[in-house]
Amino acid sequence: MHDYLKELNDNQREAASHMEGPLMIVAGAGSGKTKVLTTRIAHLLKQGVDAFNILALTFTNKAAAEMKERIEKILGNSEARNLYIGTFHSVFARILRAEAHKIGYPNSFTIYDSDDAKSLLKTIIKDNNLDDKLYKPQYIYGRISAAKNNLMGPIEYLQDKSIAQEDARSGRPLTGQLYAQYAARCFKNGAMDFDDLLFKMYELLVKHPDVLAKYQHKFRFVLIDEYQDTNIAQYQIIKMLAAVHENICVVGDDAQSIYSFRGATIENILKFQKDYEGAKVIKLEQNYRSTQNILNVANKVIGLNKNQIQKNLWTQNDTGEKLKLVRTLTDNDEGRFVADAIMEQKLRYHYNNKDFAILYRTNAQSRSFEESLRRLNIPYRIFGGLSFYQRKEIKDFIAYLRVIANPQDEEALKRIINYPVRGIGKTSIERIIIIANETDKTFWEVLQTPHLAGLKGAAAAAIDNFVLMMKSFQALMKTKDAYEVAFEVGKHTNLVKELYNDKSVEGLARYENVQELLNAIKEYTETPDEEGELTDKSLGTYLQNITLLTDADKDGDENQDVVKLMTIHAAKGLEFPCVFAVGLEENIFPSAMSLYDRDDLEEERRLFYVVITRAKHKLWISFANSRYRFGSLVQNEPSRFVDEVPPEYMDKSFAGLAGARTGAIARNTSAQQQQRSFTPKEKTEKVYVRPGSKAEETTTAREAAIQKVKAQVNTHIPSANFTASDPEDMEAGMKVEHQKFGIGTIMKMDGGAHNRIATIQFPNGGGEKKIMLAYAKLMIIK
DNA sequence: TAAACTGAGGTTTTT
DNA sequence: CCTCAGTTTA
């Protein structure tokens, strides 16, 4: 093995070879931060530190996986698998799982994602007869989340005068009550939300000194990545864990702090030296990533912020090209420009698709780029947005698994108790809820004895059957792994069958997704675990893992040759040869929410700094005069950040006034005509990959096919001479036209004289449909 | 009971 | 513009 320390510059080497004592590394963008961190861990291992005694916390699973991989590469062995390395949330979830009973939770507690949390809040708000227009679940969730991130439980929240005032002033004086009920309900359900993973971890360590001592001694060395993005809860936990050995190493860059909306506070990095007296501070200021032009712009921009640690980021790289400023008329033109530019760059400079990233402020901006890339057959992939696990059919299936692992989970239970329909109706469920509340039992407990809830006959029998089935799954879980349980669930609940029988386009996609889920579970159970402890493949562990997975973490196949689309937040820590920073307009970037507060605005500027420093060679900055928002055209001024780029580093030849013959604008009309006549190409092998669909070719091709069909559904235009025919005349075998579904063939007829139902196969309109002839208008085609 | 219709509301950013 | 929840509808 070569000498890994030789590859570092002086400062990097000093940081990487530091052994005992607190250390803060202030690492500018592109200064080799990850390299230092991984080298340091490798070095510690080389020096004889046991991997089991090292804790490394990151913000994304991806970052954790990458670090692990790089450490293994340096070491040339697989010792890295024993490191405790992962996101704050996943590492704490693991510890909480092991210690759950100490704080009254089942060890297979459920993790609620924000959708789960919000829907629970919604029911609580309704239970309290409050107006959910005022008490918006989203808003309440935000308040609760902020409280937890500041380590404030319901009791403290209710006692806090200034918070009470705030809530009163906003017209929501009962927020604290809702928080208390929400917390109680989560506890009863055996569930923790994302913030609880931090909050409960803190509680665990505070209330159980023995547990604290155990982990303090276990983790002799603690390393924290992206320290500028830690919040109060994370800060306190780290502080406690590192208190004995004080071998704490934090890496961060105040200029890249962009998560204050999640409770992150830049204070943590600023006060590190006060927290740990005699802490060593090393600055990494040489940038290895970007050209001089890009870096100059970045430095100038960030220099406009008031709050910051002084740094002087420099590089030995080439001067490089100037930034290109692009102005277009509309958001669609912006999309077209970018796709064209990518095409041109590929042809002229032999770039690959994967060398390009399109980075935007909000997820909703992706649409125009998707369309334009698709039109040019440029493969792309969107990171973020709706994840696979947020799809309805997946949530349904997972709800079964959740109930099996944790029958206390009332939310999941309510979701599946009558899906697929099994004759447990609304009234029965309401009864059970009332009894559960009265007797202070869980929903599941009441289900055991339906007759005590006043249910009898068919309803009680249906419940008995359901309970029996779920119990058999639970028994299965004791001996079988996650996949085997899931397989049985799919088989016995008719879930899969139901979707299989649904031959509509959407049904087909849903069926595919569930198959995909089963495959994923199988893959999970078959992959050898990397963690040191808790290496079980049980359902409980599986469920906790997937809830913490983000879309960006999946398919970490870096080498997929696709253009990448994501938010700037999601791009942090990544780099790309060519970057398009798009949508540089007031109200978008900076966001409309941040225009009236200095700190918020500075955070937006840091975000601008982040996007600039993602680029290695080339950077485009674009904005549109007007764009569609909620269906109507809105005009935005160019972003103030555009003016902050020094003109000498910027090429404005694409930013001519409207009407100038810049590429994008001149092409405007003809491109629109193309759009109208555009039909998807037949051979869509590996063209574009939508998020969550899993990047498999088959799925992709299928999605393309589905979209094609969908397009036809939406575009079917009724014949000019369309007149509804008399249902009496219709019989099986006839061809008929439907105004929306197009032409189809009647497969069979059912129903009585006045209630005739035709089963019709629409080849282009979404497969088989049952249509009641008394209501639908159909025309017989001769 | 399920499909079809209606209106409202939604866009920061993420574990 | 699009999605979702809630309501209508025969």
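Chain naming here is simple, since letters A, B, ... match the order of the sequence lines and numbering starts at 1 in each.
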Report all side-chain donor-acceptor pairs from residues 257-264 of chain A shorter than 3.5 Å, counting only partners two or more places apart or in another chain.
from: S260(A); atom 1: OG; to: E603(A); atom 2: OE1; distance (Å): 2.7
from: S260(A); atom 1: OG; to: E603(A); atom 2: OE2; distance (Å): 3.3

Got more than 12 heavy atoms from elsewhere within 6.0 Å of NZ, K136(A)?
no
Quick one: does NZ or CZ of R94(A) land under 6.0 Å from the six-membered ring centre of Y84(A), within 45 degrees of the ring axis?
yes
Can you tell me how far P of dT13(B) sits from CZ of R614(A), to the nearest Å?
19 Å
Base, sugar-phosphate, or nothing for F59(A), non-hydrogen atoms under 4.0 angstrom?
sugar-phosphate
Can you tell me if the side-chain N/O atoms of N149(A) get under 4.0 Å from OP1 or OP2 in dT15(B)?
no
Of the nucleotides dT13(B), dT11(B), dG6(C), which one has an atom closest to the side chain of K126(A)?
dG6(C)
Aromatic Y139(A) / basic R172(A) pairing, under 6.0 angstrom, 45° off normal:
yes
Give the nucleotide from the list dC1(C), dG6(C), dT14(B) with an atom nearest to the side chain of F630(A).
dC1(C)
Could K497(A) and Y511(A) be counted as a cation-pi pair, given that NZ or CZ must be under 6.0 Å from the ring centre and within 45° of the axis?
no
Under a cut-off of 3.5 Å for both distances of each Watson-Crick or G-U pair, what dot-bracket string does DNA chain B give, using [ ] for crossing pairs and | for inter-strand pairs?
||||||||||.....
Hey, is F261(A) doing a stacking thing with dT13(B), by the 5.5 Å centroid and 30° angle criteria?
yes
d(CG, L57(A); C1', dT15(B)) in whole Å:
13 Å
To the nearest Å, give me how far apart CD1 (I258(A)) and C1' (dT12(B)) are.
12 Å
Side chain of R629(A) only, please: which of dT11(B), dG9(B), dT13(B) is the nearest?
dT11(B)
Mind calculating the distance between CG (D132(A)) and P (dA8(B)) to the nearest angstrom?
14 Å
N363(A) side chain near dT13(B) phosphate (N/O to OP1/OP2, under 4.0 Å):
yes
For the side chain of S114(A), counting heavy atoms from C-beta on, which of dT12(B), dT15(B), dT14(B) is nearest?
dT15(B)
Nearest-nucleotide comparison on DNA chain B, the residue closer to the 5′ end among Q138(A) and F194(A):
Q138(A)
Could you check whether F589(A) gets within reach of a base, just the sugar-phosphate, or nothing at all, counting any heavy atom under 4.0 Å?
nothing
To the nearest Å, give me how far apart CG (N418(A)) and P (dT1(B)) are.
8 Å
Could you state the atom-to-atom distance from CD of E603(A) to C1' of dT14(B) in whole Å?
12 Å
Can you find a side chain N or O atom of T567(A) that sits less than 4.0 Å from OP1 or OP2 on dT14(B)?
yes
Whole-Å gap separating P (dT14(B)) and CZ (F383(A))
13 Å
I'd like to know if the side chain of T330(A) pairs up with that of R627(A) as donor and acceptor (distance under 3.5 Å, no hydrogens or angles considered).
no
Quick one: sort the F194(A) and H89(A) rings into parallel, tilted or perpendicular, breaks at 30° and 60°.
perpendicular
Assign K136(A) to base, sugar-phosphate, or nothing according to its heavy-atom contacts below 4.0 angstrom with the strands shown.
sugar-phosphate
Consider the side chain of R262(A), meaning its heavy atoms from C-beta on, and name the nucleotide among dT15(B), dT12(B), dA2(B) that approaches it most closely.
dT15(B)
Looking for any heavy atom pair under 4.0 Å, which part of the strands does K133(A) touch: base, sugar-phosphate only, or nothing?
sugar-phosphate
Under 3.5 Å, is there a donor-acceptor pair between the D193(A) and Y141(A) side chains?
no
Specify the separation, in whole Å, of atom NZ of K392(A) and atom P of dA5(C).
7 Å
